[in-house]
Amino acid sequence: MKIRRLVAASAVAAVLAPVLVLATGTQANAYPRQLSKREQCTAAWNVNYWSGGASFARGQWAACMAG
């Protein structure tokens with residue numbers, strides 16, 4: 001009898017775990033936090049550095065922080 005209960009509990013946990021993870025992720029994404037200007041420019045720096053080089057990234061960084 002205890003083995004059936006254990007199997008049933010583990011089956012329920014296996015089904016509910018992904019549902020709870022999805023519900024938590026959905027709630028966290030419902031209100032995303034706003035990035036600061038510095039965080040936005042840093043993200044843009046990474047893209048600009050790899051796509052256009054260091055000098056291009058510096059120019060874009062200055063434009064981003066000024067604007």
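- Between the CG atom in Asn46 and the SG atom in Cys41 there is a gap of 11.5 Å [rounded to 0.5 Å].
- The two residues Ala54 and Trp45 come nearest to each other via the heavy atoms O-CH2, 4.3 Å.
- You'll find the side chain of Arg33 reaches within 4.5 Å of the side chain of Glu39, heavy atoms only.
- Annotation: the span from Gln60 atom CD to Tyr49 atom OH amounts to 15.5 Å, rounded to 0.5 Å.
- In this structure, Thr42 and Trp61 have side chains that are in contact, with non-hydrogen atoms separated by less than 4.5 Å.
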